[in-house]
Amino acid sequence: MCYDIKTKVEAALKRARHYGNEEAVQMLIEKFRPFLEDEWFHVSGFQHPKLLIYTGDNSEMPLVASWGLIPFWVKNEQQQLDIWNKTINARGENIFEKPSFRTSARSKRCLVYIDGFFEHHHFAGSTYPYYIQRKDGEPITLGGLWDEWTNKETGEVVNSFTIVTTKANSLLKKIHNNPKLKESRMPLILDERQEEIWLKGTANDAKKLIVPAADGYLKAHTVRKLRGKNSVGNSPEAIEEFIYPELHSVLDLN
DNA sequence: CCAGACGTTGTT
DNA sequence: GTCTGG
DNA sequence: CCAGACGTTGTT
DNA sequence: GTCTGG
């Protein structure tokens, strides 16, 4: 699964820079700056941060969306608050059937650019967070779903998104070993070719992309606690390597 | 028929 | 052990 | 997902 | 909006 990420506006703009024009990108930065954190070293989906996502509507121009998908049929603010803690991830195997996701799975798929994500390793009754990133340090593109919801109480239109998950690859299987969970999961990671299909292809084309990332291009290291009173919050320390001696003597990721 | 849910994860 | 809050 | 609370009473 | 449970 994927509940914790590291990202920054600069990473999200990678796509706009590559496929769009620099002038438009500069205008975007100015337009979005008031609404966005420049850099999240660690942010959880439960905080529902606003991030930049890319949609099929205009695949070079990002838009601002909150993490935690609010389906278009949500009736009121109470229902919104109830549902968006449950739609931070979307199980890839079921997105075309689940009421909360199926409309978006058919016609509102999106891309989320991040620098890395976090998963917890369980050992001897404790949890140890790992930060996972590309070996080459480039942004990771995640496959997501988005929707547009109108808050009838205020008239405000809210964009929101969820991260699609799939089975873990071998690295994530080693890390993500919660004893309560039988099968480990990881976010859907797309390469450049797959990004275009995810945004513009048919539902059937998109479905075929929902598989674990190839082995060998991600790396991971342990970091400080992400949750509870000992967490460091949104600080550069969140992604720094932090050694837990009791763990490093037993877990070999290679 | 209406009311209520609509999600993720997956066991010692 | 299990639920809630973040 | 993990961390932390999980109760009564009644007010600084 | 649509399905399920009662």
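Numbers restart at 1 for each chain; the letters A, B, ... are given by sequence-line order, proteins then strands. Quick caveat, the model's predicted, so the values are computed rather than measured.
Nearest to the side-chain atoms of A/Ser100 among the listed nucleotides B/dC6, C/dG6, D/dC2 stands B/dC6. Of the candidate nucleotides B/dG7, B/dC6, D/dC2, D/dC2 has the atom lying nearest to any side-chain atom of A/Arg227. In this structure, of B/dG7, E/dG1, C/dG6, it is C/dG6 that holds the atom nearest to the side chain of A/Phe46. Minimum atom distance to the side chain of A/Trp73 is reached by E/dG1, of the listed E/dG1, D/dC2, B/dT8. Ranking D/dC2, B/dG7, B/dT8 by closeness to the A/Tyr3 side chain, first place goes to B/dT8. Closest contact between the side chain of A/Lys98 and the listed nucleotides B/dT9, E/dT2, B/dG7 involves B/dG7.
Summarising the geometry, atom CG belonging to A/Leu52 is positioned 12.0 Å from atom OH belonging to A/Tyr113; distances are rounded to the nearest 0.5 Å.
Spacing between B/dA3 and D/dT11 at atom C1', rounded to whole Å, works out to 41 Å. Taking the P atoms as reference points, B/dC6 lies 28 Å from D/dG4, given to the whole Å. Atom C1' of D/dG7 sits at a distance of 15 Å from the matching atom of C/dC3, rounded to the whole Å.
A cation-pi arrangement is present between A/Arg15 and A/Tyr54, with the terminal nitrogen or guanidinium carbon under 6.0 Å from the aromatic centre and inside a 45° cone about the axis.
Residue A/Thr87 places none of its side-chain N or O atoms closer than 4.0 Å to OP1 or OP2 of B/dT8. Distances shorter than 4.0 Å separate some side-chain N or O of A/His122 from OP1 or OP2 on D/dC2. For the OP1/OP2 pair of B/dT9 and a distance below 4.0 Å, the side-chain nitrogens and oxygens of A/Thr165 include at least one atom meeting the criterion.
Annotation: A/Tyr244 is not in aromatic contact with A/Phe123 [ring centroid separation under 6.0 Å not met].
Note: CG (A/Asn177) to C1' (B/dT12) measures 15 Å, nearest angstrom. Atom CE of A/Met1 is separated from atom C1' of D/dC1 by 6 Å (rounded to the nearest Å). Per the geometry, CG belonging to A/Asn94 stands 10 Å off C1' belonging to B/dG7, to the nearest Å. Rounded to an integer number of Å, the gap from A/Arg91 CZ to B/dC6 P is 16 Å. Taking atom CZ on A/Phe118 and atom P on C/dG6, their separation rounds to 21 Å, with Å as the unit.
Exactly one of A/Glu246, A/His121, A/His122, A/His120 qualifies for a side-chain hydrogen bond (donor to acceptor under 3.5 Å, both in side chains) with A/Tyr128. That residue is A/Glu246.
With a cut-off of 3.5 Å on both pairing distances, the Watson-Crick or G-U wobble partner of C/dT2 is D/dA5.
Among the heavy atoms of the strands, none lies under 4.0 Å from A/Glu119. Among the atoms of the strands shown, only primed sugar atoms or phosphate atoms (P, OP1, OP2) are found under 4.0 Å from some heavy atom of A/Thr127.
Between the side chain of A/Lys75 and the base of B/dG4, no donor-acceptor pair under 3.5 Å is found.
Formation of a donor-acceptor pair under 3.5 Å by the A/His42 side chain with backbone atoms of A/Lys6 is not found in this model.
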